[in-house]
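Labels below follow one simple rule: chain letters A, B, ... track the order of the sequence lines, proteins then strands, and each chain is numbered from 1.
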Amino acid sequence: MSKTDCKTYEFSKIEPNWQLFWEENKTFHAVDSDDKPKYYALDMFPYPSGAGLHIGHPEGYTASDILARYKKANGYNVLHPMGWDAFGLPAEQYAVKTGTHPAITTKTNVENFRRQIQRFGFSIDWEREINTTDPGYFRWTQWIFLQLFKHGLAFVDERPVWWCPELRAVLANEEVVDGKSEVGNHPVERRNLRQFVLRITAYADKLLKGLDGLDWPDSTKRQQTAWIGRSEGAEVNFAIDGTDQHLTVYTTRPDTLFGATYMVVAPEHPVVSSITTPGQKDAVQEYIRKSALKSDLDRTDLAKEKTGVPTGGHCINPVNGEKIPVWVADYVLVGYGTGAIMAVPAHDDRDFEFATEFDIPIRQVIESPEEDTELPFTAVGNMVNSGEYTGMASDECKRQIIEKLEATRQGKAAVNFKLRDWIFSRQRYWGEPIPIVWVSKADYDKAAAQGCGPVRDMMPDNPVTTDKEGETLYALPLPVSSLPHKLPEVENYQPSGTGESPLATIPDWLNIHFNLATGEALSQAEAKPDGDDWVSAIRETNTMPQWAGSCWYHLRYLDPKNADALVDIEKENYWGSPDFYIGGAEHAVLHLLYARFWHIFLHDIGAVTTPEPYQRLFHQGLILGEDGEKMSKSRGNVVNPDEIIDEYGADALRLYEMFLGPLDAVKPWSTKNIQGISRYLRKLWNLVVDEEGKLQSNIQDGPESPENAKLLHETIRKVTGDIETLGFNTAVSQLMILLNHLQKSESIALSTVQDYLKLLAPLAPHIAEELWARTGGGPSILDNGWPTFDESKLGAAQIKVIYQVNGKMRGEGTFPEDTAKEEILATAKAHERVQSFIEGKTIRKEIYVPGKIVNIVAN
RNA sequence: GCCCGGGUGGCGGAAUUGGUAGACGCGCUGGACUUAGGAUCCAGUGGCAGAAAUGCUGUGGGGGUUCGAGUCCCCCCUCGGGCACCA
């Protein structure tokens, strides 16, 4: 019933057999509460592309599967789910080309991915499968959006995006290469478009502080820290000469205020027009015009020389009353700080370069403790040329200057972040529609005047507005009860000519009658119903970016079919945060930052109990092609897992991916090397099973030889430790060592073989189940516990000591554990080879490291 | 430019706190079995010298600390990743 009747290692029969067994017996069905401790192993779910699975996907899936199976064997209640991040551009582009609905493409691709993944025999609870494009899923993605909207974290702004006039399309940054569209090589330009933006900056501090407690790779934490980019400094007010206005700058080095010899404002800074003198007007306008034409790439190109023009205006330095010129230059960015800086060329690389270029005075105000300081000097030191602060340490000076600025109301301590708000809308079809409608101010006020109701309940404190064709429109939420807000059918997936989503091209969907009280929506193709609450509205046509669905999927697996909440809080509380989350390092900032933002927000509004989404994170390393290059269709070095499984089996592929090298290392694939694993599995089969398919006659119930037992227990220790620390490559090699040894044994205890199979089961589950059944064990092998390490089996009563002379190995000896130091040293010195190296020399020193090494120093 | 992570046989890679460098696998060499082997088994395999025992040498390069360094410190070369005028 459970085992096959194979006489040789026929993985093509054995593997499907056990996959069926696991499915029929619900071996990996996860129950939502249990007395056992829980273990939640999570993979970054894939985008089901048309190309199918590549060899990199199963690397992470195998790792999480090993942990899931290992934990199950150790008595845990394990959850190991899988799903599909299925909204996205490729299906939409395919639709534009062929007219095939993206839902159809997605369905086909998901089926192919599922089939491919199932061939690996992962311990996945397929009853919990999720798909971000299912209405039952994305209604909750939309629900979260409405919560963000209600809490004032979603707003609308004009933001520059890449627009390609030729393609009539908005392009993502990744789709623009060297100022041309990736498709067709057409020129692109910056265009301001109305965008929904999520106020992730409101969470900058929480996102930064939360990192502390996470068990994540340091490099990933560092990347997020750098991305959030917190800096501490001061805002300083400089009076604009000849007016009662002032210009505020942000600086991290208020201690260098005495060295400020000019100021710079960004070309987009609002003060430019008023500060510019008549004589400089033309030059400044020309400069602004030119920099507006530059792409972001040009503006941030460090290699180019700095540019700028004087405005003719001046400001007064608050610390010394000095009058200094104000320039406009595009090396200052309008979006950071106040968009204006004080320039201290002696102590800032960029200002130094600019001042040198334009012959602006450079005044040193900090002296290095070392001699011969070269400017620019950007470190800390002692103040010079700084009035009352001269002689002070620059750190202390910084504190005192901030204090004084605050006391005289000329400035204040300030914190800045590099983190920008998250542009959340996409002008596309294949995404979650944003559940918002637009109404007039009068209608909005009417909605706001309601005491409660499905619309009123989700309205923010401050209205979200946008200007369209001269009219200001107000955003109202669709009621939660109307979710999921589904995509309408369209004739054509092509974007509109104005850079709006294809949804904007369907008037019957776009223009609606909207009921302010109930949130009901009806097409304007129908007659307007009676009643004061019905108003005219237009729908939001943007959709959400692909990140949306992956921001909270870790929660949905816990309760995938819940129609009343995104997750039942009891279930969420039981399963908690994934104990292990594995995926590519390319998501270090985007997905992993966005998901943290949403999760922390959900925690703040009480929707979840865990403060962070992913407690323990790991990145598997890229698997390169045989040529050592990244696998890609165009290089022709892509390895198809289906073909490898056909030829070598899933167990071989799983083991080989783990044997390739450390899990987090980038490593090249080699189809030739998988032979080693293939041989290993066949050797194992032949160790256990004879030509008739019966248990080998030298495997007998009874005690094990001390020698076999010793290596078995070394292996139990090594494999157990290696699985815990994800050292799967060395776990496999230790299993090979033990097999090589057992092969040479005349007889083997049945218990040894069974323990061996238990150790192998997480890594190569099919052959382990099959051979386990052949030894008379009842399936699943995972229900039979994990081997226990017994130190007494190691025979540690003997110690091996290495003899060195002058640090070089010259011999070795074995002693009873309690042998005295003197005896070991004497034996070592009497050793023949040791003798030949110390003969005729004077012994200077004798070192004995207990149980390890003797080193005789002689010359 | 700045911040990380690497560099060990022909190849992928092993090596607690500094303590036998090269585990395991691939490949290669020789042998056994075989009509045959791209199957299987046995032996060998860092380099140089030697029939062998063995000796010397050896973890990107150069210096240093130490009885002892792949491992620790300093300088440099190189490959990979991330950030990139954030004041």
### Separation of B:rG82 P from A:Leu622 CG (nearest whole Å)
11 Å

### Message
Quick check on B:rG55: is either OP1 or OP2 less than 4.0 Å from any side-chain nitrogen or oxygen of A:Arg833?
### Response
yes

### Query
Between atom CD1 in A:Ile228 and atom P in B:rA84, what is the gap in whole Å?
14 Å

### Task
Check every strand shown and say whether A:Ile737 touches a base, only sugar-phosphate, or nothing at a heavy-atom separation below 4.0 Å.
sugar-phosphate

### Query
If we take the C1' atom in both B:rG44 and B:rA51, what is their distance in whole Å?
16 Å

### Nearest-neighbour nucleotide for the A:Met736 side chain, B:rC85, B:rG25, B:rC67 considered
B:rG25

### Task
Name the closest nucleotide to the A:Lys672 side chain, picking from B:rA23, B:rA87, B:rC26.
B:rC26

### Message
Counting only side-chain heavy atoms from C-beta out, which of B:rC85, B:rG25, B:rC4 sits nearest to A:Phe659?
### Response
B:rG25

### Query
Judged by modelled atom types alone, do A:Thr225 and A:Trp227 share a side-chain donor-acceptor pair under 3.5 Å?
no

### Query
Can a donor-acceptor pair be found between the side chains of A:Asn740 and A:Tyr680 at a distance below 3.5 Å?
no

### Query
So what does A:Gln734 touch, heavy atoms closer than 4.0 Å: a base, only the sugar-phosphate, or nothing?
nothing

### Message
Quick check: on RNA chain B, is the nucleotide nearest A:Lys800 upstream (toward 5') of the one nearest A:Met342, or the reverse? Name the residue that is more 5'.
### Response
A:Lys800

### Task
Determine, using ring centers only, whether A:Trp669 and A:Tyr656 are less than 6.0 Å apart.
yes

### Query
Which nucleotide, in any strand shown, forms a Watson-Crick or G-U wobble pair with B:rC2, with both distances under 3.5 Å?
B:rG82

#### Entry: Polar side chain donor-acceptor pair, A:Glu626 to A:Thr671, under 3.5 angstrom
yes

### Task
Looking at every strand, decide which applies to A:Lys808 at a 4.0 Å heavy-atom threshold: base, sugar-phosphate, or nothing.
sugar-phosphate

### Query
Within the structure, does a side-chain N or O atom of A:Tyr680 lie under 4.0 Å from either OP1 or OP2 of B:rG25?
no

### Query
Does a nitrogen or oxygen in the side chain of A:Arg679 sit under 4.0 Å from OP1 or OP2 of B:rC41?
no

### Message
Can you check the distance between B:rG19 and B:rC2, where both ends of the measurement are the C1' atom (answer in whole Å)?
### Response
38 Å

### Message
How many whole angstroms separate atom CD of A:Gln743 from atom P of B:rA43?
### Response
11 Å

### Task
Using only heavy-atom distances, determine whether the side chains of A:His741 and A:Asn708 contain a donor-acceptor pair under 3.5 Å.
yes

### Message
Categorize A:Arg810 for me: base, sugar-phosphate, or nothing, with a 4.0 angstrom heavy-atom threshold over every strand shown.
### Response
sugar-phosphate

### Message
Among B:rA87, B:rC24, B:rC26, which nucleotide has an atom closest to any side-chain atom of A:Asn673?
### Response
B:rC26

### Heavy-atom closest contact (A:Ala329 atom, A:Phe354 atom, distance)
CB-CE1, 3.8 Å

### Query
Who does B:rU16 pair with, Watson-Crick or G-U, both distances under 3.5 Å?
none

### Query
With a non-hydrogen cut-off below 4.0 angstrom, is A:Asn686 in contact with a base, only sugar-phosphate, or nothing?
nothing

### Query
Taking atom P in both B:rG37 and B:rA32, what distance in whole Å separates the two?
12 Å

### Query
Given that both distances must come in under 3.5 Å, which nucleotide forms a Watson-Crick or G-U wobble pair with B:rG70?
none

### Query
Does A:Asn416 have a side-chain nitrogen or oxygen under 4.0 Å from the phosphate oxygens OP1 or OP2 of B:rA87?
no

### Query
What is the nucleic acid contact for A:Lys683, judged by heavy atoms within less than 4.0 Å: base, sugar-phosphate only, or nothing?
sugar-phosphate

### Message
What is the separation between atom CD on A:Gln223 and atom C1' on B:rC3, rounded to the nearest whole Å?
### Response
10 Å

### Task
With a 3.5 angstrom cut-off on both distances, give the Watson-Crick or G-U wobble partner of B:rC56, or none if there isn't one.
B:rG47

#### Entry: Residue A:Lys306, side-chain heavy atoms: nucleotide from B:rC85, B:rG19, B:rC41 that is nearest
B:rC85

#### Entry: A:Ile847 side-chain proximity, nearest of B:rC85, B:rG19, B:rC24
B:rG19

### Query
Across the strands shown, which category fits A:Phe837 at heavy-atom distances under 4.0 angstrom: base, sugar-phosphate, nothing?
sugar-phosphate

### Message
Give me the distance, rounded to whole Å, that separates B:rG6 from B:rA43 when you measure between the P atoms they each carry.
### Response
37 Å

### Query
Taking CG from A:Leu333 and P from B:rC83, how many angstroms apart are they, rounded to a whole number?
17 Å

### Task
Could you let me know what B:rU40 is paired to, Watson-Crick or G-U wobble, both distances under 3.5 Å, or none if it's on its own?
B:rA32

### Message
Between B:rG25 and A:Gln675, counting only base atoms on the nucleotide and side-chain atoms on the residue, is there a donor-acceptor pair under 3.5 Å?
### Response
no

### Selection from B:rA87, B:rA15, B:rG13 that lies nearest to any side-chain heavy atom of A:Thr730
B:rA15

### Query
When you compare B:rG13 with B:rG27, how far apart are their C1' atoms, in angstrom units rounded to a whole number?
14 Å

### Query
Looking only at side chains, do A:Tyr336 and A:Ser231 share a donor and an acceptor under 3.5 Å apart?
yes

### Task
Look at A:Asn855 and B:rU66 and indicate whether a side-chain polar atom (N or O) is within less than 4.0 Å of OP1 or OP2.
no

#### Entry: Distance between C1' atoms of B:rG62 and B:rA49 (Å, rounded)
28 Å

### Query
Cation-pi between A:Arg810 and A:Phe837: NZ/CZ under 6.0 Å from ring centre and within 45° of the ring axis?
yes

### Query
How many Å lie between NE2 on A:His741 and P on B:rC42, as a whole number?
14 Å

### Query
With a non-hydrogen cut-off below 4.0 angstrom, is A:Lys667 in contact with a base, only sugar-phosphate, or nothing?
sugar-phosphate

### Task
Between A:Glu812 and A:Asp351, name the one whose nearest nucleotide on RNA chain B is closer to the 5' end.
A:Glu812

### Same-atom distance (C1') from B:rU59 to B:rA14, integer angstrom
12 Å

### Message
Checking A:Thr715 against A:Gln734: is there a side-chain donor and acceptor pair closer than 3.5 Å?
### Response
yes

### N/O (side chain, A:Arg682) to phosphate O (OP1/OP2, B:rA39) under 4.0 Å
no

### Query
Base, sugar-phosphate, or nothing: which does A:Ile802 touch, judged by heavy atoms less than 4.0 Å apart?
base

### Task
Find the partner of B:rA87: check Watson-Crick (N1-N3 plus N6-O4 or O6-N4) and G-U wobble (N1-O2, O6-N3) distances, both under 3.5 Å, and reply none if neither fits.
none

### Task
Would you classify B:rG9 as syn or anti? Syn applies when the glycosidic angle is within 90° of 0.
syn

### Message
As a test of reading the structure: which of B:rA87, B:rG55, B:rG12 is closest to the side chain of A:Pro668, going by heavy atoms?
### Response
B:rG12

#### Entry: Value in whole Å for how far the C1' atom of B:rC41 lies from CG of A:Leu739
14 Å

### Task
For B:rU29 and B:rG61, measure between their P atoms and round to the nearest Å.
30 Å

#### Entry: Atom-to-atom span, CD of A:Glu832 to C1' of B:rU54 - whole angstrom
12 Å

### Query
Hey, would you say the A:His831 and A:Tyr803 ring centroids sit under 6.0 Å apart?
yes

### Message
Measuring from the side chain of A:Asn729 (C-beta onward, heavy atoms only), which nucleotide among B:rA14, B:rA87, B:rG25 has the closest atom?
### Response
B:rA14

